[in-house]
Student: 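Before I ask anything, let me first share the structure, which is written out below as structure tokens.
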Amino acid sequence: MKIEAITLRELRMPLKHFFETSFGRTTERRVLLATVHCEGVEGWGECVAGEGPFYSYEWIETAWYTIREFLAPALLGKTISQAKDAAASMSQVRGHHMAKAALENAVWDAEAKQKQVPLWMLLGGTQKEIACGVSIGIQDSHEQLLEKIQTELAAGYQRIKVKVKPGWDLEVLAKIRKRWPDIVLSCDANSAYRLSDFEHLRKFDDFNLLMIEQPLWDDDLYHHSKLQKKMKTAICLDESICHRRDAELAIELGACRIMNIKVGRLGGFTEALAVHDICQKHDIPVWCGGMLETGIGRAHNVALSTLPNFSLPGDVSASKRYWAEDIVEPEIAVTPQGTINVSHQPGTSYEIKKGLIERLTTRSEEIRS
Ligand code: OSB
Ligand code: MG
């Protein structure tokens, strides 16, 4: 596959409902899409970088410029036999994983289409049905949160994750547990606590949580390992795991018992597969995280979630939870049992709605060598 051109597009898409984490509230997504043009085949990838450098240092503008100035030139004009070679071609650039993942995953998408195989099979997936959970942000009131949980449980989701931060944590969890003593429940702090909050954090052990996700600093496996040794609840790392060496070190240190795999954070499917395999070897269950993706990134998350060690429900939920109209057809839909069934169609099996994308595009750029 020769990579002849790359198109970047920015789309503005309002969220149906704001999404709030310990680092801030998002009401509208600025979505960066990358299309690779390879001898008549088009592959699409979504860059999951946010509107600002809060979840990670990357944001849409750093991703756009890094792709334009460095990553696209590393790929353009190259003939690539397998998508994972795209990762090697871009490895000279340090970091900028979300920018890299947008391109690498677009090449995987193109390879699946060119070979006429489902993307999930190309990735090595084995599960034909994946388990889905939801991530529910911080709300304006406890009542609003309980209502949202009620809606998602009624829709069949297998696991509820709520965002927590100091001031929106123990009381909230106590109310949820009082109403639903037995649901599979977890929480995500997005680095809102410090090891010195230990006396507070140990109280999370009272709520029979499946896990507490990323309680401490993003760059600090050491303190997570100290915390995990003192807590009954499993720690799951998200922000802290940026490549396979982080995964190895986290396991070695006992910094977590579960890992969240996000293909954008890890820099593409190649690295995500490597982290998956390391965790599998060490009996660390993984699940697929989400970044408020449109259907393009969401479809890639579905494909990734079919790998065998994705044994816990992921943050892979229906398009309609986020978007009035998604940019793929059909939209990503979840069964009443809280699952998504993958198809045997080539590629992702979700068609790109080009007309809608055109209408939502606020800027675009075609890059050629
Ligand atoms: O930490 O998992 C996270 C969204 C944006 C940034 C970080 C996170 C999230 C989510 C949303 O939890 C998951 C989803 O896309 O449904
Ligand atoms: Mg998280």
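Everything quoted here is computed from the prediction, not taken from an experiment. We count ligands from 1, going down the list as the structure has it; atoms in each ligand are counted the same way. Hydrogens, waters and symmetry mates play no part in the numbers below; they use all other heavy atoms, side chains included. In what follows, residues are counted from 1 in the order of the sequence shown.
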Student: Got more than 12 heavy atoms from elsewhere within 6.0 Å of NZ, K226?
Tutor: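 Not more than 12 within 6.0 Å, no.
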Student: Hey, which atoms in ligand 1 end up nearer than 4.0 Å to a heavy atom of D238?
Tutor: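 Listed by number with element, the hits are 1 (O), 2 (O), 3 (C).
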Student: Is T21 in contact with ligand 1, taking contact as a heavy-atom separation below 4.0 Å?
Tutor: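 Flag not set, T21 not near ligand 1.
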Student: To which protein heavy atom is atom 11 (C) of ligand 1 closest, and what is the distance rounded to 0.1 Å?
Tutor: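 Among all protein heavy atoms, the one nearest atom 11 (C) of ligand 1 is F19 CZ, 3.5 Å.
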Student: What protein heavy atom is closest to atom 15 (O) of ligand 1, reported as residue, atom name and distance in Å?
Tutor: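 Of the protein heavy atoms, L292 N, 2.8 Å lies nearest.
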Student: In a check of side chain to side chain donor-acceptor pair (under 3.5 Å) between K163 and each of T21, N190, D169, which one passes?
Tutor: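 When T21, N190, D169 are each tested with K163, the side chain to side chain donor-acceptor pair (under 3.5 Å) holds only for N190.
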Student: Think K230 forms a cation-pi with F198, using NZ or CZ under 6.0 Å from the six-ring centre and within 45 degrees of its axis?
Tutor: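 So K230 does make the cation-pi contact.
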Student: Of all the atoms in D188, is at least one N, O or S atom closer to the Mg ion (ligand 2) than 2.8 Å?
Tutor: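 Yes - counting backbone and side chain alike, D188 has an N, O or S atom under 2.8 Å.
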Student: I need the OD2(D238)-the Mg ion (ligand 2)-OE2(E213) angle, rounded to 10 degrees.
Tutor: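 Roughly 90°, rounded to 10°.
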Student: For the Mg ion (ligand 2), does an N/O/S atom of E239 lie at less than 2.8 Å?
Tutor: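 Coordinating: no.
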Student: Taking atom CD of E39 as the centre, does the number of heavy atoms from other residues, nucleotides or ligands within less than 6.0 Å exceed 12?
Tutor: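 More than 12 within 6.0 Å, yes.
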Student: For ligand 1, which atoms sit closer than 4.0 Å to a heavy atom of Y322?
Tutor: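 Checking each atom against Y322, I get 14 (C), 15 (O), 16 (O).
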Student: Which atoms from ligand 1 have a heavy atom of D315 less than 4.0 Å away?
Tutor: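 Answer, ordered by atom number: 12 (O), 13 (C), 16 (O).
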Student: Would you check whether E213 reaches within less than 4.0 Å of ligand 1, judged by its heavy atoms?
Tutor: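 A heavy atom of E213 does come that close to ligand 1.
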Student: With atoms numbered from 1 as shown, which atoms in ligand 1 lie under 4.0 angstrom from a non-hydrogen atom of K163?
Tutor: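 Taking each heavy atom of K163 in turn, ligand 1 has 1 (O), 2 (O), 3 (C), 8 (C), 9 (C), 10 (C), 12 (O) under 4.0 Å.
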Student: Under 3.5 Å, N or O to N or O, is F23 touching ligand 1 that way?
Tutor: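 N/O-N/O distance below 3.5 Å does not exist for this pair.
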Student: Looking only at protein heavy atoms, identify the closest one to atom 6 (C) of ligand 1 and say how far it is in Å.
Tutor: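 For atom 6 (C) of ligand 1, the nearest protein heavy atom comes out as M291 SD, 3.6 Å.
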Student: Between ligand 1 and N190, is the shortest N or O to N or O distance under 3.5 Å?
Tutor: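 Right, the criterion is met.
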Student: Do R265 side-chain atoms and N260 backbone N/O form a donor-acceptor pair below 3.5 Å?
Tutor: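 Confirmed, R265 side chain pairs with N260 backbone.
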Student: Can you tell me which portion of V134 lies within the under-4.0 Å heavy-atom range of ligand 1? Options are side chain, backbone, both, or neither.
Tutor: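 It is neither; nothing of V134 touches ligand 1.
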Student: Under 6.0 Å from the six-membered ring centre of F18 and within 45° of its axis: does the NZ or CZ of R25 meet both?
Tutor: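 Judged by the rule (NZ or CZ under 6.0 Å from the ring centre, within 45° of its axis), R25 counts as positioned above F18.
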Student: Measure the distance from atom 9 (C) of ligand 1 to every protein heavy atom, then report the residue, atom name and distance (to 0.1 Å) of the closest one.
Tutor: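 Looking at atom 9 (C) of ligand 1, the protein heavy atom closest to it is G290 O, 3.6 Å.
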Student: Side-chain contact, heavy-atom cut-off 4.5 Å: C236 with W287?
Tutor: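 Heavy-atom side-chain distance check passes, below 4.5 Å.
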Student: Surrounding NZ of K16 (heavy atoms of other residues, nucleotides or ligands, distance under 6.0 Å), is the total greater than 12?
Tutor: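 Atom NZ in K16 is crowded, with more than 12 foreign heavy atoms closer than 6.0 Å.
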Student: Which residue from R321, E239, K262, R298 reaches closest to atom 3 (C) of ligand 1 through any of its heavy atoms?
Tutor: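 Considering heavy atoms of R321, E239, K262, R298, the nearest to atom 3 (C) of ligand 1 sits in K262.
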Student: I need the atoms of ligand 1 closer than 4.0 Å to a non-hydrogen atom of K161, numbered in the order shown.
Tutor: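 Listed by number with element: 2 (O), 12 (O).
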Student: Count the heavy atoms belonging to other residues, nucleotides or ligands that lie under 6.0 Å from NZ of K175, then report whether that count exceeds 12.
Tutor: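 Enclosed: over 12 neighbouring heavy atoms sit under 6.0 Å from NZ of K175.
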Student: Taking atom OH as the centre, does Y65 end up with more than 12 heavy-atom neighbours from other residues, nucleotides or ligands that are less than 6.0 angstrom away?
Tutor: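 No, because the 6.0 Å sphere around OH of Y65 holds 12 heavy atoms or fewer from other groups.
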Student: Assess whether atom CD of E28 is packed by more than 12 heavy atoms of other residues, nucleotides or ligands within 6.0 Å.
Tutor: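 Yes, enclosed.
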